[in-house]
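Computed from a prediction, not measured in an experiment: that's the story for all the values here. Values below: every heavy atom of this structure, side chains too, minus hydrogens, waters and symmetry copies. One-based numbering, in listed order, for ligands and for the atoms of each.
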Amino acid sequence: MKTLLITRPIADPVIAQARTLFDVTVNEDGALDVAQAAQALADYDAILPTLGDQFTDQAFESAAEKLRCGMLGNFGVGYNHIDTVAAKAAGVQVSNTPDVLTDATADIGMTLLLATARRAGEGERMLRSGEWGGFGPKDLLGTHVTGKTVGIVGMGRIGQAVARRCHFGFGMDVVFYNRSAKEVGFPARQLASLGTVMEQADFVVVTTPGGAETTKLIDAVALEAMKPTGIFINISRGEVVDETALITALQTGQIAGAGLDVYEAEPHVPEALRELDNCVLLPHLGSATVETRQAMGQMALDNIIAWSNGDAPPQAV
Ligand code: DGY
């Protein structure tokens, strides 16, 4: 029986199925650092890793001749924690879990957009602290969402799902920035530059993949282009945004607010960000529904099973 390491507890039925096919170890001790990832590559035939596990080039280098693993069936659509070039060079296949989390992640984008625009975080904090004095016609006035312009940065599956919700649900105009030309089946205008999208949008929603090509794509210059009433949402990866520049933009009122699900050095969230009232901060909840997390686990396992049977993993990256 092949050995399989599942690097974090996932849905019970998926683990139960995995146990019928593999000799399974479930790691209960949190994300693997580089040394632990290298050890795992040496110890297991297959690994089901996830966000935070450090499968860097150094991990592959350290495993080197001891390498036993042939497959990393990643739990998550984003796989920027795996050096896929090093994996390929080492002969390790990698897969991810696209599609199954698109709707859940787009829903978190809308949760953040609405919560930030309508100051839901501030309101909830006020109520829970016993400071609410009753309805006030001028209290906690937010920004209207319906009919405004949303700017999507990265019009992939999740970007399109957010755009559809904005257009069909909230009558919003959709503009977007995408590196390649993109046709979508609903009204949305692709603009020539990121700067123009940042300038025109009332709400900017970042939905690009992470990785070297998008690191700090949203920098101080991009943020400066936003309207002072603009609201910035990030549901992609923390490193896509220069977090220090974002904090400055929020502190100085250069932009009106931010809704964030992801951070540069998760789980660390800078105190300066946590102190700001004009942002809503979630702990990377994009795909966090029971149904979605089960589907992600199943898809990751199905890819490992395909590899184990000598077939091409259907979601190979
Ligand atoms: C992903 O799948 O990449 C998400 O960020 C984790 O839910």
Item checked: Transitive ILVMFWY cluster of L140, excluding itself - 4.5 Å side-chain cut-off ->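 Direct or chained contacts put L140 with M126, L127, W132.
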Check: Minimum heavy-atom separation for G159 to T207, with atom names?
Finding: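 So the minimum-distance heavy-atom pair works out to CA-OG1, 3.3 Å.
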Check: Can L223 be reached from V175 by stepping across I, L, V, M, F, W or Y side chains whose heavy atoms are under 4.5 Å apart?
Finding: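 Cluster IDs for V175 and L223 match.
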Next item on the list: Write out all pairs satisfying side chain to side chain donor-acceptor pair (under 3.5 Å) with one or both partners inside residues 297-314, taking only residues at least two apart or from two chains.
Entry: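 Matches after skipping sequence neighbours: K2-S308, Q17-Q298, Q298-D302, N303-Q315.
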Check: For residues 34-53, which residue pairs qualify under side chain to side chain donor-acceptor pair (under 3.5 Å), counting only residues two or more places apart or in two chains?
Finding: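 Of all non-adjacent pairs touching residues 34-53, those that pass side chain to side chain donor-acceptor pair (under 3.5 Å) are T3-D45, T7-D53, R8-D53, Q39-D43, D45-R68.
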Notebook entry, point to check: Would R237 and E266 pass as an ion pair if we require N to O under 4.0 Å?
Noted result: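 Salt bridge between R237 and E266, a charged N being under 4.0 Å from a carboxylate O: no.
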Notebook entry, point to check: What residues sit with at least one heavy atom under 4.0 Å from ligand 1?
Noted result: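 Those residues closer than 4.0 Å to ligand 1 by some heavy atom are G76, V77, G78, L101, R237, H284, S287, M296.
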